[in-house]
Number of protein chains: 2
Amino acid sequence: MKILDELQRFEPFRKLGEDSRTLLGQGLVGKQCARADMALHKGQPVSGAYVVLSGRLRVFSLSPNGTEATLYFIDPGETCVLALNCLFNDLLYPAWVQAETASQVALIPGAVYRKLFERETAIQNLTVHTLSTLVFRLMSELELVHTSHHKQRLANFILIQSASDGVLRMTQQQLAQHLGTTREVVARLLRDFVAKGLVSTCRGAIAIRDLFGLRRLVSPGE
Amino acid sequence: MKILDELQRFEPFRKLGEDSRTLLGQGLVGKQCARADMALHKGQPVSGAYVVLSGRLRVFSLSPNGTEATLYFIDPGETCVLALNCLFNDLLYPAWVQAETASQVALIPGAVYRKLFERETAIQNLTVHTLSTLVFRLMSELELVHTSHHKQRLANFILIQSASDGVLRMTQQQLAQHLGTTREVVARLLRDFVAKGLVSTCRGAIAIRDLFGLRRLVSPGE
DNA sequence: CGCGATCTGTAGCAAAAGCTACACGCTTTC
DNA sequence: GAAAGCGTGTAGCTTTTGCTACAGATCGCG
């Protein structure tokens, strides 16, 4: 029951009808993921819809030689749409999912979710909205990947992912994984950035020194 | 009215209720695209849902230096989901769309589509299914892009896009555009393929000579 | 304090990809 | 049948990226 309460902190699950709520309450399963736990493996059949309650999941692909690359993140209140996708089309999960930080996840069994989708406008909207958002993120990522060099992608990543104090707390190894490249490349690029006074680096973190300089790197035209 | 008939060749639009049909009939607009016509520009506000009746649309991104890269194709009976996406979230269109061959497209105005979505289960399913499919395609593409070299991507593209007779009728320039690279790179790779007896080339076309050899290139493990 | 583990900084070499330039052949067009 | 346009084949050079290797810095822990 506690998990149902957690889930109802989020908008779409508050508007459900009484019987839908009961249905949801019966099937719902909670799942705790420690940092770096693998939540879903590639090729695994998907058993339901995943809603992140707290923490953060990372969806990534893995190439034969071992390089990872982040496709996108799932933050609290968001649903793992890839799972949704597989759910509606009976596909195997096409990527890997790992907990970035310790996370709590609610698992709605496939059959239950499908029923909810048929009945509840809120769930239909949630589904469409989640899918749309993912499409948009994937498009942007795909565009970034082939219109820009690692230099630009790195600058962009630092700008987008850094905390509000302008500091990105992440090791170079992790950075490399997100960008789908190697630590050496990241170190090389960061050396340039430091030389130009754009950022400063220390163990486990990167601090932005020249915000606008970085932005110019990302979009040279403006 | 003729366009409505065309549209109803496709499953989801046959199951509509009487009033939905009327609503659809009133707003529907037909659009002819000649080969190489630009159907949608990047940044353009989206005025409705696009359903391809005949021909083929190509969705691609364009980088500052002029290189194109195909994101995915839209074949007859399919809907341009990106447009859907923008429609539901009030976004500007994030890519370019061009007619690969002469195409006929039905344009369902945004307001009409939203109403249909609220009422008709068939349209809800269509929407979710279309979005799901796109997500899947984008994921695959994204995975391909950063797990494989141009050599593998080219081999893959030839395998997937060639006609049933094993011939891909496309210039090297076009190939390069789809892969997001330059003609010279494509020519260089094809030279290797020809040397290994995998394909043969002639003006405007590439013929597969060794199907399994090509497949081994794409997925070396199997 | 010492030790192992982790993270960063650098260097050098090899492979991949991009860019420029040009020769040649086939089509279309005037 | 000459000229222009398009498509292919090739070469050489530069930049970017990937891989291997190693040195030094920092951290946590017993």
Side-chain angles (χ1 to χ4, degrees), chain A residues 35-36 61-69 144-158 167-207 209 217-218 220, chain B residues 35-36 62-69 144-158 167-207 217-218 220:
Chain A
R35 209 180 91 76
S61 79
L62 197 54
S63 62
N65 65 37
T67 0
E68 301 181 2
L144 266 185
V145 165
H146 58 224
T147 61
S148 46
H149 302 269
H150 281 164
K151 181 180 295 194
Q152 293 174 295
R153 299 222 295 133
L154 176 59
N156 189 46
F157 192 89
I158 294 174
V167 176
L168 177 59
R169 272 163 269 274
M170 206 177 263
T171 69
Q172 300 185 358
Q173 177 63 51
Q174 289 174 300
L175 267 172
Q177 283 175 1
H178 288 301
L179 296 178
T181 179
T182 58
R183 190 188 63 79
E184 292 79 356
V185 174
V186 171
R188 195 149 56 200
L189 292 173
L190 281 177
R191 195 197 314 166
D192 287 1
F193 288 2
V194 171
K196 287 181 190 151
L198 297 174
V199 303
S200 63
T201 64
C202 63
R203 189 186 176 88
I206 293 163
R209 286 264 166 273
L217 258 188
V218 174
Chain B
R35 210 180 93 76
L62 198 53
S63 62
N65 65 36
T67 358
E68 302 182 1
L144 264 186
V145 163
H146 57 225
T147 61
S148 46
H149 302 271
H150 280 163
K151 182 180 294 195
Q152 293 174 294
R153 300 223 294 132
L154 176 60
N156 190 46
F157 191 88
I158 294 175
V167 177
L168 177 60
R169 271 163 270 275
M170 206 176 263
T171 70
Q172 299 185 358
Q173 178 63 52
Q174 288 174 300
L175 266 171
Q177 283 175 0
H178 288 300
L179 296 178
T181 180
T182 57
R183 191 188 62 80
E184 291 79 356
V185 174
V186 171
R188 194 148 56 199
L189 293 172
L190 281 177
R191 195 198 313 166
D192 286 2
F193 288 2
V194 171
K196 287 181 190 151
L198 297 173
V199 303
S200 63
T201 64
C202 63
R203 190 187 176 90
I206 293 165
L217 257 187
V218 175

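In what follows, chains are A, B, ... by sequence order, proteins preceding strands, each numbered from 1. Model, not experiment: these values are computed from the prediction.
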S.K.: Among C/dT10, D/dT10, D/dG12, which is the nearest nucleotide to the side chain of B/Arg188?
M.R.: D/dG12

S.K.: Which distance, rounded to the nearest 0.5 Å, do you find between the OG1 of B/Thr182 and the CZ of B/Arg188?
M.R.: 7.5 Å

S.K.: Hey, what do you get for CG (B/Leu217) to NZ (B/Lys196), rounding to the nearest 0.5 Å?
M.R.: 6.0 Å

S.K.: Tell me: CD of A/Gln177 to C1' of C/dT6, nearest whole Å?
M.R.: 14 Å

S.K.: Would you mind reading off the distance between A/Glu184 atom CD and D/dC22 atom P, rounded to a whole angstrom?
M.R.: 14 Å

S.K.: Does the side chain of A/Thr182 get closer than 4.0 angstrom to OP1 or OP2 of D/dT17 through an N or O atom?
M.R.: no

S.K.: Whole Å only: how far is the CG atom of B/Asp192 from the P atom of C/dA16?
M.R.: 10 Å

S.K.: Which distance, rounded to the nearest 0.5 Å, do you find between the CG of B/Leu189 and the CG of B/Leu179?
M.R.: 9.0 Å

S.K.: Taking donor-acceptor contacts at under 3.5 Å, does the side chain of B/Arg183 reach the base of C/dG18?
M.R.: no

S.K.: Is there side-chain contact between B/Leu190 and B/Ile158, with heavy atoms separated by less than 4.5 Å?
M.R.: yes

S.K.: Name the closest nucleotide to the A/His150 side chain, picking from D/dG9, D/dT17, C/dG18.
M.R.: D/dT17

S.K.: Is A/Thr201 near enough to C/dG9 that one of its side-chain N or O atoms lies under 4.0 angstrom from OP1 or OP2?
M.R.: yes

S.K.: Given that A/Val185 and B/Met170 both sit by DNA chain D, which one's nearest nucleotide is further toward the 5' end?
M.R.: B/Met170

S.K.: For B/Leu190 and D/dT10, give me the distance from atom CG to atom P, rounded to whole Å.
M.R.: 11 Å

S.K.: Any side-chain N or O of A/Arg203 under 4.0 Å from OP1/OP2 of C/dT6?
M.R.: no

S.K.: Using whole Å, what does the distance between atom P of nucleotide D/dT17 and atom CD of A/Gln152 come to?
M.R.: 10 Å

S.K.: Distance check needed: C/dC26 C1' versus B/Gln173 CD, whole Å only.
M.R.: 18 Å

S.K.: In whole Å, I'd like the distance from the CD atom of B/Gln172 to the P atom of C/dA17.
M.R.: 16 Å

S.K.: Check this one for me: any side-chain N or O of B/His149 less than 4.0 Å away from OP1 or OP2 of C/dA17?
M.R.: yes

S.K.: Can you tell me how far P of C/dG9 sits from CG of A/Leu189, to the nearest Å?
M.R.: 13 Å

S.K.: Please walk me through it: do A/Ser61 and B/Thr147 pass side-chain contact (heavy atoms from CB on, under 4.5 Å)?
M.R.: CA-CA 8 Å; A/Ser61 79; B/Thr147 61; 4.3 Å; yes

S.K.: Has B/Gln174 got a side-chain N or O lying under 4.0 Å from the OP1 or OP2 atom of D/dG7?
M.R.: no

S.K.: Any side-chain N or O of B/Thr171 under 4.0 Å from OP1/OP2 of D/dC6?
M.R.: no

